[in-house]
Amino acid sequence: MTDSLLDDFRDRGLLHQSTDANELRGWLSSPGRRVYAGFDPTADSLHVGHLVALVLLRRVAAAGHEPVALLGGATGMIGDPSGRSEERNLLSPEELAANVAAVERQIRSVLATAGSTVHVVNNADWMRGVGYLEFLRDVGKHVPLSQMLGKDSVKSRLERDGGLSYTEFSYMLLQAWDFVHLSDALDCRVQIGGSDQWGNITAGIELGRRLRSRDLHGITCPLLTKSDGTKMGKTASGAVWLDPKRTSPYRFFQYWMNLDDHDAGVCLRRLTELPMEEITALDQNRGENAAARHTQQRLAEELTRLVHGDDGLTSAKQATAVFFGGDVEGLAEATLIEIFAEVPSHAFALSAVDNDGLPLVEALQATGLAASRSQARRTIEQGGAYVNNRRIQDAAYCLTKNDLAGRQVVVLRSGKKSYALARFTG
RNA sequence: GGGGAGUUUCCCGAGCGGUCAAAGGGGUCAGACUGUAAAUCUGAUGGCUAUGCCUUCGCAGGUUCGAAUCCUGCACUCCCCA
């Protein structure tokens with residue numbers, strides 16, 4: 001079990017590059033080895049792009065080793081130029097501190113069930129006290145400029161108009177020093193990351209050799225991309241976040257449900273912990289019975305549970321049932337409000353629904369489902385308007401007390417997927 | 001500084017005195033089909049208290065019964081020569 005980490009990565013398509021495989025295997029052949037991956041706190045939440053690294057750490061734990069998650073409290077002050085085309089804006093120390101705290105919570109939560117001792121460290125803790133001159137003498141002196149200039153991350157930026165600043169150029173020194181420090185402090189000798197991290201990882205390995213005559217190792221995994229060329233984890237409305245306040249469990253679930261077949265297969269391998277037998281079975285099922293979309297279903301379930309827990313998964317599935325044609329009328333007011341929490345809503349006076357009622361056209365416009373009354377009218381006439389999931393085709397239709405689902409809510413919908421809530425309060 | 005071309009509705013782009021809310025394409029929104037997919041097909045696409053009314057064709061004036069279309073001035077963009 002313990003030496004299978006590399007094979008496991010390879011089988012699941014998680015292996016892009018690594019340092020000498022035999023040496024790696026050798027070091028990993030004893031249990032309890034520490035392996036690290038870094039996370040820069042560029043926002044107050046991680047997103048789907050970070051999921052790969054988190055899952056890698058879980059696999060490290062599953063293989064009998066101890067994952068180390070490094071928070072970039074210090075490196076986040078600088079900004080990693082790898083894989084970026086432009087200079088980053090600096091974060092204020094306050095923002096950064098808040099981000100570190102939030103990201104740490106997420107990392108701990110995802111790794112909580114990893115089944116091994118988990119280390120979470122912050123490089124600000126050892127960087128803070130280091131003076132500039134000291135750093136240049138102790139670290140900078142051992143890193144040849146030719147080596148730094150040779151890195152892809154640097155080269156590609158130098159060839160561009162924007163270039164890069166000395167600050168970002170120095171980033172790799174900090175990350176290299178992190179690696180050496182962790183090898184000192186935790187005897188952590190393997191760093192894993194996305195393929196864009198290769199340059200930074202090898203910089204650390206090189207520094208370890210020069211400074212400590214120590215063998216450090218690195219593994220990178222391919223970056224997740226979708227078959228249509230867009231970035232994994234990005235939607236038209238932005239990134240898919242792990243924080244439920246930014247991306248609700250329902251939308252998180254739906255993101256995976258909507259992947260195309262090939263991408264879903266890839267994600268199933270790389271991101272879930274389902275045994276390979278089940279994955280192979282799902283591959284086969286996908287070929288024979290693609291319409292059932294078992295792969296997407298399993299993927300969405302596994303990842304939603306991993307990130308949002310059982311409760312999150314339950315609410316995501318409940319919402320899914322309603323959003324895909326389920327009956328609205330039978331639901332309790334509280335459930336209804338929870339399910340539609342993320343959907344745009346608009347408050348009307350309860351009296352609007354008296355007597356003749358509120359024209360549907362007006363409700364559609366006010367809730368933002370239609371840009372104008374004219375458009376609302378069109379939508380209705382073309383059969384795209386629904387009240388509580390029942391199609392309404394009369395443009396003159398008015399909402400009355402009879403339409404209230406629950407005590408004060410009417411569920412409006414335009415087309416297949418756009419929902420909005422009209423709330424009627426006294 | 002001199003000469004030329006242009007500025008049209010979300011975008012590209014036709015229109016060059018009435019039939020222009022303005023062709024065509026893209027996008028977007030609905031519908032059908034479907035696997036909550038892709039592709040395809042259909043319809044719609046300035047606003048409104050709606051068989052009519054109001055506002056749009058760089059900006060401001062003018063000619064005309066009538067202007068996106070003609071004239072004058074201004075602004076901006078592009079190209080060529082200094």
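To find a chain, count down the sequence lines: A is the first, B the second, and so on, and within it residues start at 1.
Distances shown here put a side-chain N or O of A/K417 below 4.0 Å from the OP1 or OP2 atom of B/rA37. OP1 and OP2 of B/rC29 both lie 4.0 Å or more from every side-chain N or O belonging to A/S418. For the pair A/Y386 and B/rG31, the criterion of a side-chain N or O lying under 4.0 Å from OP1 or OP2 is met.
In this structure, the CZ atom of A/F324 is 8 Å from the P atom of B/rU36, given to the nearest Å. Note: CG (A/L299) to P (B/rG35) measures 20 Å, nearest angstrom. Nucleotide B/rU36 holds its P atom 12 Å from the CG atom of A/D261, rounded to whole Å. The distance from atom CG of A/N389 to atom P of B/rU36 is 15 Å, rounded to the nearest whole Å.
You'll find the ring centres of A/Y250 and A/Y255 outside the 6.0 Å limit.
Taking atom P in both B/rU7 and B/rC71, one finds a spacing of 14 Å when rounded to whole Å.
Partner assigned to B/rA30 is B/rU42, using Watson-Crick or G-U wobble distances below 3.5 angstrom. B/rA5 is paired with B/rU77 under the Watson-Crick or G-U wobble criterion, all donor-acceptor distances under 3.5 Å.
Between the side chain of A/R12 and the backbone N or O of A/T272, at least one donor-acceptor pair lies under 3.5 Å.
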Listing time: all N or O pairs from protein to nucleotides 52-57 of chain B that are below 3.5 Å?
none

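Here A/E301 does not pair with A/R305 in a salt bridge; the nearest charged N to carboxylate O distance is not below 4.0 Å.
With a 6.0 Å radius and a threshold of 12 heavy atoms from other residues, nucleotides or ligands, A/D20 has its CG atom above the threshold.
Among the protein residues, A/R391 comes within range of the sugar-phosphate backbone only, with heavy atoms under 4.0 Å from sugar or phosphate atoms but none that close to a base. When heavy atoms are screened at a 4.0 angstrom cut-off, A/T320 is found touching base atoms of the nucleic acid.
With A/Q191 as the fixed residue, the side chain to side chain donor-acceptor pair (under 3.5 Å) test singles out one of A/Q197, A/H217, A/Q175: A/Q175.
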Handout entry: Annotated protein contacts, base or backbone, on nucleotides 42-50 of chain B with a non-hydrogen cut-off under 4.0 Å, one of B, S, - each
Key = -BSS-SBSB
